[in-house]
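So the structure is just underneath, and the comments pick up after that.
Everything numeric in this text was worked out from a predicted model, so none of it was measured. Proteins get letters first, then strands, A, B, ... in listed order; numbering begins at 1 in each.
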Amino acid sequence: MLSVVIFAPLVLSLPLFFLRGRKAWFGYTWFASVVVFVLSLALLRGFQWETPGFQWEQQVEWLPTLGASYHIGIDGLSLILILLTTFLTTISILASFRYIQHRIREFCIAMLVLEGAMIGVFASLDLLLFFIFWEVMLVPMFLLIGVWGHDRRIYAAFKFVLYTMAGSAFLLFAILVLRLKTGTFDLVTLQQTVGNLPGAIQRWAFLAFAIAFAIKVPLVPFHTWLPDAHVEAPTAGSVLLAGILLKMGVYGFLRFNFALFPSIARDLAPLFMALGVIGILYGAWMSWVQTDLKKLIAYSSVAHLGFVILGIFTFTPWGLQGGILQMVNHGLSTGALFLAAGLLYERKHTREMSQLVGIGKLMPVFSTVFGIVMLSSIGLPGLNGFVGEFLILLGTFQVSKTLAFFGVLGIIFAAVYMLSMFQKVVFSPPREEDRGLLKDLTLREWLVFVPLLVFIFAIGVYPRPFLKFGKIPSQQVIERVAPETPTPTLSPHAEEGEP
Amino acid sequence: MKGILLMTLFAPLAGAILNGFLGTWFRKKAHFPAIVAVGLSFLGSLVLFQWSLQHPLGQEWILYTWVPVADLRVPFGLLFDRLAAIMLLVVTTVSFLVHIYSIGYMADDPGYRRYFAYLNLFVFSMLLLVLANNFLLLFVGWEAVGLCSYLLIGFWYEKKTASDAGKKAFIVNRIGDAGFLLGIFTLFATFGTLEYTRIFEIVQSNPGYFSGVLAAATLFLFMGAVGKSAQFPLYVWLPDAMEGPTPVSALIHAATMVTAGVYMVARSHPLFQEVPQIGTLVASIGAFTAIFAASIALVTDDIKRVLAYSTISQLGYMFVAVGLGAYTAGIFHLFTHAFFKGLLFLAAGSVMHATGGELNMHKMGGLWKKMPHTGWTFVIGALALSGIPPLAGFFSKDEILASAFRTGHTLIWGVAWATAFLTALYMFRLIFKVFFGNPRDPALYEHAHESPPVMTVPMWILAVLSVTVGWLGLGEESSLFHRFLAPTLGHLEIVPPMVEKEAGLGLILLSVAAGLAGIWLAYQMFLKGSPNPTALAQRAGFFYRLLKGKYYVDELYQTVIVTPIRGLAVLTFRLVDRILIDGTVNLTGKSLAATGNVIRKGSSARTRTYLFWVLLGAHVLLWFLLKGR
């Protein structure tokens, strides 16, 4: 079943060669992505929420001489990221109907290939298989930026590839070292054996993985590819880049660094938490001085991912579950912000905030949607972002009060840059010449935003079903990395069994 | 009771959703669902009040578990006790009257339905804040009222000053809220729960055990209150908030939202009681804010801003009370203040309505003849605020002064007493300038007219309440108000050097004398012209300029905090992100320039080929895998 979900997008891309006309291409691709989404929902059926380990597991001999096998399987963490992938792909294809004007068929193929590869990354339990999906994913993303991007697309595409390839080199290096020392690419086997390796090798392998994933997240100071890639990419590219690709860095930390090298992860936790906090503050700070709407959103991503990294490295249930939830939240709210920016670009052909004015008067319905999304991004209680940020900071506070203090500052800064943006774009007097240009939402655009808004509210008001995904994976990380977690009870009654 | 409680809470939310989504159907009738919703809440809170008379200890209802992670279980739970009952009555009464008043005030506004949707959303958020049974849910309401305040301050958002003011309010509040969050973290780290009753139980059964950690927790929580209730040094957003529609100022920025901080301190009094030194700090900040804001109000010419500074000052009084442990006195002042300050704002709105939005008191004068209802109600509100018996403000303010004196805080008492004098002075300066004397702007005077009954009737209702509600506090400790709240808030603990009851009469006379002296001086200066205020201002020189410049606090924040941070951000962006990191990458890029050029020329033509190969490869892989099965 899991294999079906991974390869369905690829198989479903074949009929595109026989179709003619933009309507057919877009319509079919959207249909295909909805099919994949429904298929991925089927993974929820019979999912054992309380069972540790991987489910829907499948292992097929593949390259026995190399020690690699086609080994896939998912836990709650993989599952929620796969669902996020199929969900956001559907939305970004729907949002591209007007944006993509040339080479539509190729665009559709690229999107579906990308989707399959992304699902593959989250499902692989074999390091070589993981690496292949990881690399396959780069090609359609490179094309998305380089072919359908804006003016400086070639520069941005190359910068994106250069950075990511540098990361991939480290990743490949680490994978090969492990293979040479243990004789297997299999993650489940490696978890048992890697601990026997000499400490130095473990440390180098950890660092190599960490650099590869840190570039992807991106952690400051590996972040400068992100604004350019985001700004130049077409809307669909930005949404998937922010929504899914960045999560792969965090996913890599959780799946490989924590699972394979728990003691090193614990030792280096203060460093990564500090980098997370620096990301929060630095990203927010940089967002504040941007004039380009997409660049502002891109830097806000740096801040949000800083929160995620901060959370998972606390090794507390709150930090980890909050971090995992915040990955989803960021996918939804930042995805929606990029969709909003793209929608404005389609109408006005600019991303400069000095040119985008008077939206509130001209597009009141859109502005309401935009406002809700903006508030979700700054973590307003009652919407999704708050639950994640709160849990992350709560977890951080148990570990380090200082870092929690700086993290909380990030919440203030988030309000500063987002509200300043909203004031410039929405709360400004409209220009006469924009009256015809800036039309309110069309039916298709409604369809794009409504599902996102539903989840933004649902996670904010009733996060329980969404927190369920991260529960067991978090527990496993804690068991492995930090068996003795600080429990928040100084109460003298704690031992007496306070209710 | 659960049903009625839920209706009271959720009716305004339903109203907001109805207006938000289907507002186009209602158009000029947008007030209809809004007022029905708030009316239901008002009736609900009356029924609940009745219920609370029989159930002194109140009850909790858990609807569902909101955030469950490991030991943390935050319920969506409601707590209705007598403190909540009082707050509910205040919020729904003033909301209901303000909604009705708004029909007249906002009649010609193009954002009519948006206005009522926001207003309903505010009422819901405020009720959630009051009814929450734990600190996190309180925080949800806390930030949500902040959001509504932001939206309503910036309601006329095309005006730059309005959208600036909204943004400022939100950000300054967030600074306080960040502290509040740290307080929540401290509480959870200590007690492993965020529910009031559980935390309070643990604290009260181990007196003294937690005082160290509670000092930090209460200080953080109070930071939130400083932001929300506009105390020094985070008060700067409230005067600017006057950019919003005046009924909003009455409801949110006088009667309800800004008092949330006082409510929060009273609600968490078992924590504050453990750490009297923090209580003293709270009271000191309150007292300082009270006189600080009152002194600015003396020279402010904008009638709404005078009222805004007055609100800040009165909130300071409330913090004096709750800081010194006189929780009931603080809530009592919150209660009476909601009515008379709400009234003053509505009356000021009526003046604006009559004068085409004019705010400068120097352009007014003699309006009494043109608008007697507004004039009368305004004077009633001002007398209540100045603490003239037997109006409401007299009882509540006097109780706070007495508490300060009787707990041995003579300095705080002195400051509060001086503030009472200043209060009467600035209020009657405003009244004499606006309603009496000769018209200073004939055109404005000619145009002025009394407001329609839909506005004046709510004003009169509030005026009646401003006269009468104080009697509930007659007899201090043994009064109806005290006995009603005693099960929740307990009694004031008085430090040994207790002042005899006889001295109490002297205190009352002193505070009434302060109010009367203020009114008399205002009459001499601003109606008779001797001593001449202009000459006095010239003689005061530096001090006058300092007051006129509002102590230059805004400017100080701008130069010391905002500008350097922003400048540094610009610099970092240019240096680090653009030159240092990008430069390195670009260098690599240049070395690839040749390749780049080739690909640039060929890339678009070859896209299809690339994709073909990618796809082919993928399918080969797929086939390979399936075969291997």
Beyond-backbone contact of [X] with [Y], side-chain heavy atoms, under 4.5 angstrom:
X        : Y        : result
A:Trp285 : B:Leu568 : yes
A:Tyr282 : B:Thr572 : yes
A:Phe390 : B:Phe185 : yes
A:Gln398 : B:Phe188 : yes

Given a strict heavy-atom distance threshold of 4.5 Å, which part of [X] is in contact with chain B: side chain, backbone, both, or neither?
X        : value
A:Leu375 : side chain
A:Val461 : both
A:Leu391 : side chain
A:Val416 : both
A:Phe422 : side chain
A:Lys471 : neither

Selection from [options] maximising heavy-atom pairs under 4.5 Å formed with chain B:
options                                : value
A:Val408, A:Leu467, A:Leu419           : A:Leu419
A:Pro364, A:Gly358, A:Ser420, A:Ala414 : A:Ser420
A:Lys361, A:Gln321, A:Lys401, A:Lys468 : A:Lys361

Between [X] (side chain only) and [Y] (backbone N and O only), is there a donor and an acceptor less than 3.5 Å apart?
X        : Y        : result
A:Trp318 : B:Val69  : yes
B:Arg174 : A:Ile411 : yes
A:Trp288 : B:Val570 : no

Interface residue of largest heavy-atom contact number with chain A, from [options], under 4.5 Å:
options                      : result
B:Thr186, B:Leu181, B:Asp177 : B:Thr186
B:Arg114, B:Lys167, B:Arg566 : B:Arg566
B:Lys159, B:Glu158, B:Lys160 : B:Glu158

Could you tell me how the ring of B:Tyr64 sits relative to the ring of A:Tyr462: parallel (under 30°), tilted (30 to 60°) or perpendicular (over 60°)?
-> perpendicular
Could you tell me which residues satisfy ring pair (Phe, Tyr, Trp, His ring centres under 6.0 Å) with A:Phe405, sequence neighbours excluded, listed by chain and number?
-> none
